[in-house]
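A short worksheet on the structure shown next.
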Amino acid sequence: VDAERSAGAQVSTIVEEIFTREVRPTFFKTNKITSTFQGIVDSYGIARYKEVNPGVFTIITFPYLFGIMYGDVGHGLILTLFAAFLIFMEKSWEGKPLNEIFAMIFGGRYLLFAMGIFATYIGLLYNDMFGFSTELFTSGYTWPDLESGPRGIVTPTLPTAKNVKPDTPVAFGIDSAWAETENKLEFYNSVKMKCAVIIGIVQMLAGVVLSLTNHIYYNDWLHVYFRFIPEFVFLSCTFGYMALLIIMKWGTTWSNGTHDAPSLLETMTNFFLQPGSVTLPLYSGQAAVQVFLLLISFAMIPLLLCVIPYMENKHHEELLAKKRAKIANKNNGGEDDEDEDDEEEDNFDFSEIVIHQVIHTIEYVLGCVSNTASYLRLWALSLAHAQLSDVLWNFAFMATVGLDTGSGIYIFFGFAIWMSATLGILLGMESLSAFLHSLRLHWVEFNGKFFYGDGVAFQPFSVTEVIAAAA
């Protein structure tokens, strides 16, 4: 109709809708900002027609996961400024021949900008800047004067050693008081590991919920009741429960110190291997609750495995009975009504459906374990980035400060080595590593919960291409 109006045609266009079994193509309207994020999804697979598009969520979740692994205020600001420079030079460089690698980086300038913003934000939460902590917000701990105070191991004057929880915690992020403590690495390990698990479980549950929207849109209520509900309940009652225990443990103040706190690793091991056994309960009735959740989780497995093949086979038999009745009616002189489902039912293979459902069930149940463990890469890369930054700062730059006698030569070369290593290793290799790991988490752990990715991209009709193909 738009073409008719623009061409000023005198004759109305006749449009005839033709039934076909060809797959409808998929097209998403993007701009220069969103096209990069959509390209990340399209590299995995094209969405089905009217399927939920993961690219919308990737705009936020991709740079967020990158920031968790790359959280550092200094490195994040450098990455943000570099991306801002590329955006500023957009009109000058767009459309001009560029180096292949640089052209790829230039094409993802808005993605880099978002990654830099999130890396800076998470760096503020971690209280990390080039590998050292800065007291941007007032610490909740009060320390004695180091010059005239005690020597050796120094403990805070407020709060006391028996009450390790400060009365007024830091306003934002991790307290800078942890920077010089003996158990700094242990504390950061614990916090980042548990945060990684919680983030992973939340994102996987979000993926399962998005599969519900697909089932509802396609009016596939069989999969709503016997795929979405068992999957959501299984994940919630097992690893969702573990995330809840982590939050409950964080919110509990231990009067005799954290040594009395239960080990969540031991709790979850007993949850599966020794049901009903709780060494140190976190709340009253914990053993009974865990047994109940485990039974509910195990009950979801046969529900997920058996019901869908049985119902699809039952539906197939009903259609066959209907088809036989139509043939009998036709032989008796009745009318022949065409049915579009006849061809589809002729291709029905019950054994193939059973095998597919068995594979899906095993993959999902085991995937809940492996995917949750896969999100620990958020903790691992964040810890490696922080430790590598600390090593470069102390051994490449601070070591030269003590060697300098006042000329500044040692400091100059130390700073040059530190900056070169920062740009080459931390901003080059580390950012690429975090990018690839974030890509994997989206392709496998998130998209795998709801995204089919077997669609066909829309290709506009072109007379020139048709003629070229015919020639």
Side-chain angles (χ1 to χ4, degrees), residues 193-194 196-216 220-249 262-314 350-376 444-450:
M193 185 190 306
K194 291 172 182 176
V197 170
I198 293 175
I199 291 170
I201 293 170
V202 170
Q203 188 174 32
M204 288 190 294
L205 284 173
V208 176
V209 172
L210 288 177
S211 71
L212 172 65
T213 62
N214 281 334
H215 299 326
I216 293 177
D220 191 355
W221 295 101
L222 178 63
H223 282 73
V224 171
Y225 295 122
F226 301 110
R227 173 168 289 186
F228 162 73
I229 292 180
E231 289 180 352
F232 186 84
V233 171
F234 181 85
L235 183 57
S236 300
C237 291
T238 52
F239 296 99
Y241 172 71
M242 180 177 68
L244 184 61
L245 287 181
I246 293 173
I247 297 174
M248 291 177 64
K249 184 178 177 181
S263 170
L264 295 185
L265 179 60
E266 180 183 0
T267 301
M268 291 308 299
T269 302
N270 293 336
F271 178 86
F272 291 103
L273 301 182
Q274 295 180 351
S277 175
V278 180
T279 305
L280 291 175
L282 193 59
Y283 59 92
S284 59
Q286 182 175 349
V289 171
Q290 292 186 176
V291 171
F292 174 75
L293 292 177
L294 186 63
L295 292 176
I296 292 296
S297 303
F298 284 165
M300 294 299 105
I301 297 177
L303 198 64
L304 180 63
L305 177 64
C306 304
V307 177
I308 291 180
Y310 169 77
M311 295 300 293
E312 290 192 357
N313 184 61
K314 182 180 179 181
F350 180 68
S351 61
E352 181 179 346
I353 294 177
V354 171
I355 294 174
H356 177 271
Q357 194 64 26
V358 169
I359 294 174
H360 174 78
T361 303
I362 296 175
E363 183 181 23
Y364 181 81
V365 173
L366 297 181
C368 288
V369 181
S370 62
N371 292 350
T372 303
S374 181
Y375 275 94
L376 291 177
V444 179
E445 278 71 27
F446 181 55
N447 291 357
K449 297 294 182 292
F450 67 97

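Here, residue 1 is the first one in the sequence, and each next residue gets the next number.
Taking every heavy atom of both residues into account, P275 and V291 meet most closely at C-CG2, 4.0 Å. Closest heavy-atom contact between L280 and Q286: O-OE1, 4.5 Å. Nearest heavy atoms, Y283 versus Y241: OH-OH, 2.9 Å. Listed here is the closest heavy atom pair of P230 and Y225: CD-O, 3.5 Å. Considering every non-hydrogen atom in both A243 and I201, the closest pair reads CB-CD1, 3.8 Å. When all heavy atoms are compared, the tightest approach of L245 to T267 is CD1-CG2, 4.0 Å.
Between the side chain of Y364 and the backbone N or O of E231, at least one donor-acceptor pair lies under 3.5 Å. Using modelled atom types, one side-chain atom of N371 and one backbone atom of G367 make a donor-acceptor pair closer than 3.5 Å. Counting only distance, with no hydrogens or angles, the side chain of K249 and the backbone of P262 share a donor-acceptor pair below 3.5 Å. In this structure, S211 contributes its side chain and V208 its backbone to a donor-acceptor pair below 3.5 Å. At least one donor-acceptor pair closer than 3.5 Å links the side chain of N214 to the backbone N or O of F450. Side-chain N or O atoms of T269 include one that pairs as donor or acceptor with a backbone N or O of L265 at under 3.5 Å. Side chain of Q357 to backbone of C306: no donor-acceptor contact under 3.5 angstrom is found.
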Query raised in the report: Which is it for Y375 and V197 under the side-chain contact (heavy atoms from CB on, under 4.5 Å) test, yes or no, and what are the steps along the way?
Result: CA-CA 6 Å; Y375 275 94; V197 170; over 6 Å; no
Report task. Show your reasoning for whether side-chain contact (heavy atoms from CB on, under 4.5 Å) applies to F298 and I301. Result -> CA-CA 6 Å; F298 284 165; I301 297 177; 4.1 Å; yes
**Report entry** V278 vs N270, side-chain contact (heavy atoms from CB on, under 4.5 Å): CA-CA, chis, key distance, verdict
**Finding:** CA-CA 7 Å; V278 180; N270 293 336; over 6 Å; no
**Report entry** Pair I308-H360, side-chain contact (heavy atoms from CB on, under 4.5 Å): steps then yes or no
**Finding:** CA-CA 12 Å; I308 291 180; H360 174 78; over 6 Å; no
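Here I229 contributes atom CD1 and L303 contributes atom CG; the two are 8.5 Å apart, rounded to the nearest 0.5 Å. Going from atom CZ of F226 over to atom OH of Y310 covers 10.5 Å, rounded to the nearest 0.5 Å. I296 contributes atom CD1, which lies 12.0 Å from atom OG of S236 (distance to the nearest 0.5 angstrom). The SG atom of C237 sits 7.5 Å away from atom CZ of F271, with the distance rounded to the nearest 0.5 Å. In this structure, L273 CG and L294 CG are separated by 10.0 Å, a value rounded to the nearest 0.5 Å. Once rounded to the nearest 0.5 Å, the distance linking CD of Q203 with CD of E445 reads 8.5 Å.
The side-chain heavy atoms of T238 and L293, taken from C-beta on, include no pair separated by under 4.5 Å.
Residue-environment remark: CZ (F350) exceeds the threshold of 12 foreign heavy atoms within 6.0 Å. The number of heavy atoms from other shown groups lying within 6.0 Å of CZ (F272) is above 12.
H223 is linked by a side-chain hydrogen bond (donor to acceptor under 3.5 Å, both in side chains) to D220, counting only residues two or more places apart in sequence or in another chain. Applying the side-chain hydrogen bond (donor to acceptor under 3.5 Å, both in side chains) rule to S284 yields no partners; only residues at least two apart in sequence or on another chain are considered.
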